[in-house]
Structure formats: C-alpha cells, structure tokens
Q: 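One structure, as structure tokens, below. Some questions next.
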2 protein chains.
Amino acid sequence: MPPAPGDRDARREDVSEAVWLALAEKGFGGLTLRAVASAMGVSTGMLMHYFPTKRALIAHALDLLEKRTAERPRRERPAEGLATVRAMLLDILPLTPDDTARNRIWVSSWDLALADDGLASDQAGRYTRLRSTIRPHLEAARGLGELPAGADPERLAAGAVAFVHGLVVQALFDPGRFPEDVQVSMVDDFLASISAARGPAGAPRTTL
Amino acid sequence: MPPAPGDRDARREDVSEAVWLALAEKGFGGLTLRAVASAMGVSTGMLMHYFPTKRALIAHALDLLEKRTAERPRRERPAEGLATVRAMLLDILPLTPDDTARNRIWVSSWDLALADDGLASDQAGRYTRLRSTIRPHLEAARGLGELPAGADPERLAAGAVAFVHGLVVQALFDPGRFPEDVQVSMVDDFLASISAARGPAGAPRTTL
DNA sequence: CGGTACGTAACAAGCGTTCGGTATGTAAGG
DNA sequence: CCTTACATACCGAACGCTTGTTACGTACCG
C-alpha cells in the first residue's frame with residue numbers, strides 16, 4: 001500500500017478507535033496490545049510501528065481520553081453565574097452512552113494513576129484545571145448575588161467537582177438508580193443548597 | 001511444623017497482611033501472586049494452599065477491604081441528627097495514613113469492578129447500604145428541624161456520599177491541597193448548605 | 001534502488017497453576 | 001513403646017499460557 005499523505009495519521013485514528021473500544025470494555029487493567037490489534041484486525045507488530053512501546057500506547061490512550069473529554073459536545077452556556085456552572089456540571093455526568101464510556105474510562109484510569117507518581121500528578125493537575133475552569137463562574141455568581149457574599153469560590157469549585165464526580169461513580173455502578181432526571185435534579189438541589197447557604201464565618205443564617 | 005489449632009487462620013492473617021501491602025502499593029492492577037508471596041517470604045505454591053485460585057485471593061482481598069472498612073476506628077456518634085451524619089462523613093475521609101491506604105485500595109478496585117458485572121453489582125450494593133446507613137440520621141435531622149421539612153433523605157444521602165467520595169478522590173491525588181482541616185471544613189460547609197437549603201418542590205426560598 | 005508499511009514468527013519474561021518431594025505432626029496396631 | 005500409615009504444610013521447579021518486544025521477510029511506492 002502507498003504511504004499516501006496523511007495515511008499515517010488516519011491509521012493512528014484507527015488505532016485510537018480500537019484502544020477506545022478495548023478500554024470501554026475492559027478498562028486499563030485489561031488493555032493489551034493483542035486486544036487492540038485484533039480489535040482492528042491487524043498484527044501486534046503493526047502497532048509497534050506507531051507506538052514503540054506499551055507505555056507510549058497508554059500515554060496515547062490518556063491523551064485520547066483527555067482530548068475526547070475536551071472535545072465532547074457540550075450544552076450551551078446560557079448566562080453568567082450559577083446557570084453556567086449548572087451546564088458545566090451536567091456536561092460531566094454520564095447521561096449518554098458516550099458520556100458513560102468516557103467516565104468509565106476515567107474511573108478505570110485511577111487505578112493506574114494511583115500506582116504511578118507521574119500519572120498521579122497529571123491527574124491532580126487535571127483536577128486543578130477543572131476547578132479553575134469552574135471558579136470564575138462561581139465568582140460571577142457571587143457578584144450576581146446568587147451566592148452568599150462570604151463564599152469562597154475555589155472551595156466551592158472543589159465541592160462542586162467532588163459532588164459531581166462522586167455522583168458519577170455511583171451512577172456508573174448503579175445506572176438504574178440514577179437515571180438522567182435523578183442525576184440532574186441532584187445537581188440542581190446541590191446548586192440550590194449552596195446558593196441558599198450562609199457564609200462560612202458565622203454570618204447570619206436565614207433558616208433554622 | 002505442627003498443624004496446631006488456629007495455625008491455619010493465623011497464616012491466612014499473614015497472607016491478608018501481605019495482600020494489603022501489595023494493594024496499597026500497586027493497586028489491584030499490580031496484584032500478583034508472586035508479589036504477595038515474596039512480600040511474606042514464602043513460595044507461590046504455599047499461597048495456593050490457602051487460596052486455590054487467584055480469583056479466590058481477589059475475593060479475599062475484597063472481603064478484607066470491606067472488613068477493615070467496617071472495623072476501622074470510628075469517632076463517637078455524638079447526638080442524633082446532622083452531627084451524626086457529620087461524624088459518619090468524616091470517618092470516610094482519608095485523614096490518617098490508614099484511611100488513605102483504605103481509600104486508595106477502594107478507588108483502585110473500581111477498575112476491576114467496572115470490568116466485571118458481579119463485582120460491579122457488589123459495589124452498587126455497598127453504595128446502597130452506605131446510603132441507607134446515613135439516611136435514618138438525615139430523617140432524624142429533618143425531624144429536629146436541621147433540614148427543610150420537604151427534604152428527601154434518600155436523595156440527600158446519595159448527595160452526601162457523592163460529595164464525600166468525590167472529595168476522597170481529589171484528596172488522594174492532591175493531598176497537599178486537601179489537608180485535614182480543608183477536608184473537614186468542606187464537609188462542614190456542605191452540611192451547612194443542605195441545612196439552609198429550601199425544600200425541593202417550589203417551596204419558598206429564603207435567599208435570592 | 002531505497003524506504004515506508006506492514007505481516008509472520010519468534011523471543012524472553014512474567015503470569016497463574018500444577019506437580020512431585022520433604023519434612024513434621026497425629027493416629028493406629030502389634 | 002515402637003513402628004507404620006497417613007495427613008498437613010510447605011518448598012522448588014516446572015508447566016502452559018499470555019504478555020511486551022524484536023527480528024526478519026515481503027509488498028508496494030517514489
């Protein structure tokens with residue numbers, strides 16, 4: 001076959017797709033060169049042509065995961081403030097099969113990441129980035145009066161990420177108990193609660 | 001050596017300890033018979049005397065994980081209501097090295113669980129049980145007026161579990177950013193927010 | 001021809017598992 | 001009491017298989 005221009009990149013795309021399938025089915029613990037190769041009907045030797053070692057393929061898989069997460073279809077960001085935060089959180093939840101697969105692969109990657117210092121700090125960086133993506137909108141929400149004046153946006157961002165990722169894990173293991181509407185209204189309840197909360201340092205409480 | 005009474009159980013305890021060490025270090029993805037055997041200075045053949053197959057050893061590891069989680073030292077349950085919920089949530093957080101190891105192993109197990117239907121439904125059951133352990137105290141809190149009258153305890157329990165487990169994951173990957181006091185006050189903020197929130201179904205909101 | 005893009009086949013290493021073999025102890029029988 | 005028999009606990013080595021990796025051969029292109 002001819003080494004047509006861009007052929008190499010196209011082939012790498014095929015590899016990516018096979019890696020994705022293998023990961024969605026068996027997770028990182030079951031990611032094997034032969035599984036990927038046979039999933040795309042080629043030999044393992046061919047794989048080594050594009051990824052010289054398995055570490056390279058794992059790194060590619062993680063890049064792919066990050067890329068597909070970044071490029072996933074997102075709902076519109078309606079206005080500033082809490083409504084935007086809501087949209088961001090809903091975009092994380094496993095509401096469609098694609099979202100579910102992506103979240104499964106993320107959770108599966110944590111086993112690898114916890115055992116490897118480099119991967120662990122990568123994951124820590126991703127969390128830091130995610131929080132700082134949400135934080136400005138929490139600040140805006142506070143400016144709009146949607147949050148108490150004393151609210152700490154960074155900490156609220158960490159809390160929102162925690163809530164939504166903990167919900168992801170529960171929903172992955174028990175999809176029947178966490179259908180779309182339950183997940184969505186749980187996020188809505190969470191946002192409503194932080195918007196009604198008192199400030200942190202002994203500020204006057206409105207209820208109770 | 002004599003097959004003294006209880007010797008077999010004592011040996012199984014040794015195996016458990018070695019399994020625990022191996023898991024804390026490398027996670028389930030790196031759990032290998034030879035690693036366990038050499039960690040306790042014995043041969044792999046000896047392991048097969050106590051666990052006929054690796055599946056059995058993995059099952060034992062999961063049992064051990066559940067047992068050590070159930071038997072971990074817990075803080076006193078102060079009074080009824082939200083204070084009890086607070087104590088339960090704090091008992092989950094990775095605040096001590098032991099808690100951290102246990103949580104790491106739990107998170108690591110999710111890779112395995114997501115790829116195996118049986119393990120996945122086990123995990124779903126554990127979540128269900130955890131939620132129903134927390135729920136009665138949320139009901140009590142509602143009765144005490146610590147929560148809005150319209151609050152749904154089951155959903156609040158799911159939210160609390162989500163929040164705390166999402167916090168666990170972030171803290172495991174970035175312990176420097178989530179020291180004990182940050183984790184504790186995040187839980188406190190969360191509890192304060194749900195206690196101040198309005199009820200779910202169009203009940204009158206106090207702020208905004 | 002030379003170089004790229006593979007397939008085929010083999011490699012060493014590591015895996016879970018199996019199989020004798022060797023102590024050591026308990027139980028039985030004269 | 002001594003001996004024989006048998007079960008237990010364990011080791012060491014090997015088995016067969018899968019893993020990641022490498023080497024070599026071939027087809028096709030410019």
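Chain naming here is simple, since letters A, B, ... match the order of the sequence lines and numbering starts at 1 in each.
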Q: For residues 42-53 of chain A, which residues have at least one heavy atom under 4.0 Å from DNA chain D?
A: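 When residues 42-53 of chain A is checked for heavy atoms under 4.0 Å from DNA chain D, the hits, listed by number, are A:T44, A:M48, A:T53.
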Q: Hey, could you give me the CE/CZ distance between A:M186 and A:F178, rounded to the nearest 0.5 Å?
A: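 Spacing of CE (A:M186) from CZ (A:F178) equals 5.5 Å.
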Q: Angle class for the A:F190/B:F190 ring planes (parallel below 30°, perpendicular above 60°, tilted otherwise)?
A: parallel
Q: Going by salt bridge (Lys or Arg N to Asp or Glu O under 4.0 Å), A:E17 matches just one of A:R68, A:R11, A:R12. Which one?
A: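 Only match with A:E17 under salt bridge (Lys or Arg N to Asp or Glu O under 4.0 Å): A:R68.
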Q: Working to the nearest 0.5 angstrom, can you tell me the gap between B:L95 CG and B:T100 OG1?
A: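 One gets 7.5 Å once the value is rounded to the nearest 0.5 Å.
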Q: Will you find, in the side chains of B:R131 and A:Q170, an N or O donor that is under 3.5 Å from an N or O acceptor?
A: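 A pair is found: one side chain offers a donor N or O, the other an acceptor, under 3.5 Å apart.
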Q: Indicate whether OP1 or OP2 belonging to D:dG20 is found under 4.0 Å from a side-chain N or O atom of A:R55.
A: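 Checking D:dG20 against A:R55, no side-chain N or O comes under 4.0 Å of OP1 or OP2.
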Q: Give a yes-or-no answer on whether the side chains of A:S185 and B:R155 include a donor-acceptor pair shorter than 3.5 Å.
A: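 The answer is yes; a qualifying pair exists.
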Q: Let me know the distance between NZ of A:K54 and P of D:dT22, rounded to the nearest Å.
A: 15 Å
Q: Kindly state which residues belonging to residues 20-36 of chain B come within less than 4.0 angstrom of DNA chain D, counting heavy atoms of the residue only, listed by number.
A: B:R34
Q: With ring-ring contact (aromatic ring centres under 6.0 Å, His included) as the test, would you mind laying out the steps for B:H165 and B:Y127 before giving the verdict?
A: CA-CA 11 Å; B:H165 259 193; B:Y127 268 123; 5.4 Å; yes
Q: Hey, are the side chains of B:D122 and B:L62 touching, using non-hydrogen atoms and a 4.5 Å cut-off?
A: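 Contact flag for B:D122/B:L62 side chains = no.
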